[in-house]
Amino acid sequence: MLEPALYIAATPIGNLQDVTDRVREALQQATLIAAEDTRHSKIFLDSIGVHGTRMLSCHDYNEAQRAEVIAAEIAQGGSVVLISDAGTPMISDPGFKLVRELCARGIKVTALPGPCAAICALCVSGLPTDKFYFYGFLPVKDKELTEVLSSFAHSCATTVFYESPRRIAHTLELMYTLYPEREAVLCRELTKAFESVYRATVSELYAQVQQDSNMQRGELVLLLAPAPKQTDEVLPPAALKALAQMLQEGMSLKGASRVLSDLLQIKSKLLYQAGLTLKSKMDFNG
Ligand code: SAM
């Protein structure tokens with residue numbers, strides 16, 4: 001028998017074998033199953049041998065009202081399992097308002113963890129996992145999309161986005177204008193037969209997506225690497241001016257860096273890097 005509570009249960013994101021024993025047992029024993037889409041979930045419940053349990057739909061727009069029914073069910077000794085169409089409820093899925101309301105009422109809420117596309121993508125990405133930021137779905141309108149993407153220009157953590165296959169090319173195009181050299185990873189159809197993971201720079205990924213229409217199909221998670229660390233060491237303006245002058249006078253970058261390094265006791269590498277930027281600007285301006 002399940003203890004009276006709300007159970008947040010993660011369900012598979014593609015591979016039906018990714019349902020845990022705890023989730024299966026909870027769904028078998030629940031007095032009520034709250035689901036994002038009851039018709040969709042019935043197919044999954046049938047596949048794991050759960051038939052005939054009372055079900056209740058639970059969406060973003062009816063959660064407050066559903067909280068009343070669910071709270072009453074638990075108060076009478078019932079156990080309610082919340083599931084979404086796939087993965088972990090509340091991760092870009094309904095359930096937050098319901099959980100908040102039950103917590104406020106002092107009702108026990110517990111989790112039955114399992115699949116989540118964001119975590120699955122992060123694990124296979126090869127990008128840093130020590131700090132990560134889950135953004136979820138990106139805005140659809142261009143102005144907001146550009147604002148959001150710009151806000152990650154200096155991010156210090158890996159960022160995880162959910163993106164629609166219809167919009168992936170455009171999103172990568174905008175990212176390409178902002179940070180073409182940044183590492184990015186596109187995960188498609190995780191845990192399914194055609195799972196694929198593309199690891200590249202934003203610029204390469206944008207080119208690949210344009211060439212290969214398969215990359216614009218199925219379910220996608222897009223990950224953006226943290227911005228490269230800015231060097232803490234700032235070149236004094238006088239050193240920068242002297243370096244620019246030496247380069248303009250035709251001295252080699254290596255030579256100018258070495259001379260100024262000796263003269264000003266500044267790391268030659270720092271001068272060399274600043275010189276590369278100066279040179280590219282000089283080339284650009286003719
Ligand atoms: N709650 C879910 C979770 O825990 O990941 C996410 C639900 S959200 C409505 C659906 C989005 O998750 C998809 O549009 C896609 O971005 C991502 N997603 C879900 N399953 C996926 C899969 N098998 N492979 C790649 N992305 C997936």
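Just follow the structure's listing: the first ligand is 1, and inside any ligand the first atom is 1.
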**Student:** Looking at every non-hydrogen atom in both residues, tell me the closest pair between C116 and T88 and how far apart they are.
**Tutor:**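 Taking C116 first and T88 second, the nearest heavy atoms are CB-OG1, 3.6 Å.
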**Student:** Which residue and non-hydrogen atom of the protein lie closest to atom 25 (C) of ligand 1, and at what distance in Å?
**Tutor:**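 Here the nearest protein heavy atom works out to E219 O, 3.2 Å.
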**Student:** Quick one: does I91 get an N or O within less than 3.5 Å of an N or O on ligand 1?
**Tutor:**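 Between I91 and ligand 1 (N or O atoms, distance only) the closest approach is under 3.5 Å.
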**Student:** To the nearest 0.5 Å, how far apart are CG in L224 and CG in L205?
**Tutor:**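 So the CG of L224 and the CG of L205 are separated by 10.0 Å.
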**Student:** Do Y162 and ligand 1 have an N or O pair less than 3.5 Å apart?
**Tutor:**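 Right, the criterion is met.
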**Student:** Can you tell me if R217 uses its side chain to pair, donor with acceptor, with the backbone of P165 under 3.5 Å?
**Tutor:**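 Pair absent, no side-chain N/O of R217 close to backbone of P165.
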**Student:** Nearest to atom 10 (C) of ligand 1, what protein heavy atom do you find, and at what distance?
**Tutor:**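 Going by distance alone, atom 10 (C) of ligand 1 is nearest to F137 CZ, 3.9 Å.
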**Student:** Kindly give the heavy-atom pair with the smallest separation between V109 and C103, and that separation in Å.
**Tutor:**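 Taking V109 first and C103 second, the nearest heavy atoms are CG2-SG, 4.1 Å.
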**Student:** Looking only at distances, please establish whether an N/O atom of ligand 1 is found under 3.5 Å from an N/O atom of A117.
**Tutor:**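 Indeed, backbone or side chain, A117 has an N or O that close.
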**Student:** Give yes or no for whether the N/O distance cutoff of 3.5 Å, strictly under, is met between A86 and ligand 1.
**Tutor:**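 Indeed, backbone or side chain, A86 has an N or O that close.
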**Student:** Could you tell me whether some N/O pair between C116 and ligand 1 is separated by less than 3.5 angstrom?
**Tutor:**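 N/O-N/O distance under 3.5 Å: no.
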**Student:** Considering only non-hydrogen protein atoms, determine which one is nearest to atom 22 (C) of ligand 1 and report residue, atom name and distance to 0.1 Å.
**Tutor:**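 Checking every protein heavy atom, the shortest distance to atom 22 (C) of ligand 1 gives L190 N, 3.6 Å.
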**Student:** Answer yes or no: does atom CZ of R105 have more than 12 heavy-atom neighbours from other residues, nucleotides or ligands under 6.0 Å?
**Tutor:**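 Enclosed: over 12 neighbouring heavy atoms sit under 6.0 Å from CZ of R105.
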**Student:** Between ligand 1 and I13, is the shortest N or O to N or O distance under 3.5 Å?
**Tutor:**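 Between I13 and ligand 1 (N or O atoms, distance only) the closest approach is under 3.5 Å.
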**Student:** Looking only at heavy atoms, is any part of E189 under 4.0 Å from ligand 1, and if so is it the side chain, the backbone, or both, or is it neither?
**Tutor:**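 For E189, the contact with ligand 1 is made by the backbone alone.
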**Student:** Between L149 and T171, which heavy-atom pair has the shortest distance, and what is it?
**Tutor:**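 Closest approach of L149 to T171, heavy atoms only: CD1-O, 3.9 Å.
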